[in-house]
Amino acid sequence: MTPSHRTVFTLDYPDESVARRVERSLRPEVGDIDGDRTTAQLAREGATLRVTVAAEDLVALRAGCNTWLTLASVAEAGSQR
């Protein structure tokens, strides 16, 4: 698949340890929940986590963005416990 649409979310955290915990929570999902129409990539640098969602069409991009933002929100809540 060569996606024609892409969105990058930059998530900044108070410190590197929080970003690392969120990344570790999300990492197993990369490749696991990708569908035929969307893919996702994670990259972390210090306290910043980048989530890149790519898709063949805008509907798939919106669905992928919703999925990854929800997963990040849940991971953030879990990392603050």
Side-chain angles (χ1 to χ4, degrees):
M1 171 182 79
T2 303
S4 54
H5 303 284
R6 182 175 76 129
T7 298
V8 179
F9 296 104
T10 303
L11 309 172
D12 293 313
Y13 296 98
D15 57 56
E16 188 173 345
S17 65
V18 175
R20 188 179 307 115
R21 284 194 301 268
V22 173
E23 178 191 21
R24 284 184 192 158
S25 294
L26 296 179
R27 181 72 55 195
E29 305 302 333
V30 174
D32 196 37
I33 63 171
D34 289 346
D36 292 338
R37 296 168 43 202
T38 62
T39 61
Q41 296 178 335
L42 294 179
R44 185 181 56 80
E45 186 173 321
T48 300
L49 180 63
R50 269 192 329 275
V51 180
T52 303
V53 180
E56 292 181 9
D57 58 79
L58 291 174
V59 173
L61 182 66
R62 181 185 55 129
C65 290
N66 287 339
T67 296
W68 283 96
L69 287 174
T70 299
L71 289 171
S73 177
V74 170
E76 289 168 4
S79 72
Q80 294 175 3
R81 291 183 185 161

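What's counted below: heavy atoms across the whole structure, side chains too, no hydrogens, waters or symmetry copies. Position 1 is the first residue of the sequence; numbering continues from there.
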message: How long is the straight-line distance from CZ of Arg62 back to OG1 of Thr38, given to the nearest 0.5 Å?
response: 12.5 Å
Side-chain donor/acceptor of Ser4 to backbone N/O of Glu56, under 3.5 Å: yes
message: Return the OG1 to CH2 distance between Thr7 and Trp68, rounded to the nearest 0.5 Å.
response: 14.0 Å
Closest non-hydrogen atom pair between Ala60 and Asp57, with its separation: N-OD1, 2.8 Å
query: How many angstroms lie between CZ in Arg20 and CZ in Arg27, if you round to the nearest 0.5 Å?
result: 13.0 Å
task: Spell out, yes or no, whether Val74 and Leu69 are grouped together once hydrophobic residues are joined by side-chain heavy atoms under 4.5 Å, including indirect joins.
output: no
query: Any link between Val59 and Leu61 through a network of hydrophobic side chains (Ile, Leu, Val, Met, Phe, Trp, Tyr) touching at under 4.5 Å?
result: no
- request: Quick one: closest heavy-atom pair of Pro28 and Ser25, and the distance?
  value: CD-O, 3.5 Å
message: Can you tell me if Arg6 has over 12 outside heavy atoms packed within less than 6.0 Å of its CZ?
response: no
- line: Heavy-atom nearest pair, Ala19 first then Gly46, reads CB-O, 3.7 Å
- prompt: Are Val51 and Val8 in one and the same hydrophobic cluster, where Ile, Leu, Val, Met, Phe, Trp and Tyr link if side-chain heavy atoms are under 4.5 Å apart?
  reply: no
task: May I ask whether Val30 and Val22 are part of the same hydrophobic cluster, defined by side-chain heavy atoms of I, L, V, M, F, W, Y residues being less than 4.5 angstrom apart, directly or through others?
output: yes
Candidates Glu23, Arg44, Glu76, Arg21 - the one meeting side chain to side chain donor-acceptor pair (under 3.5 Å) with Tyr13: Glu76
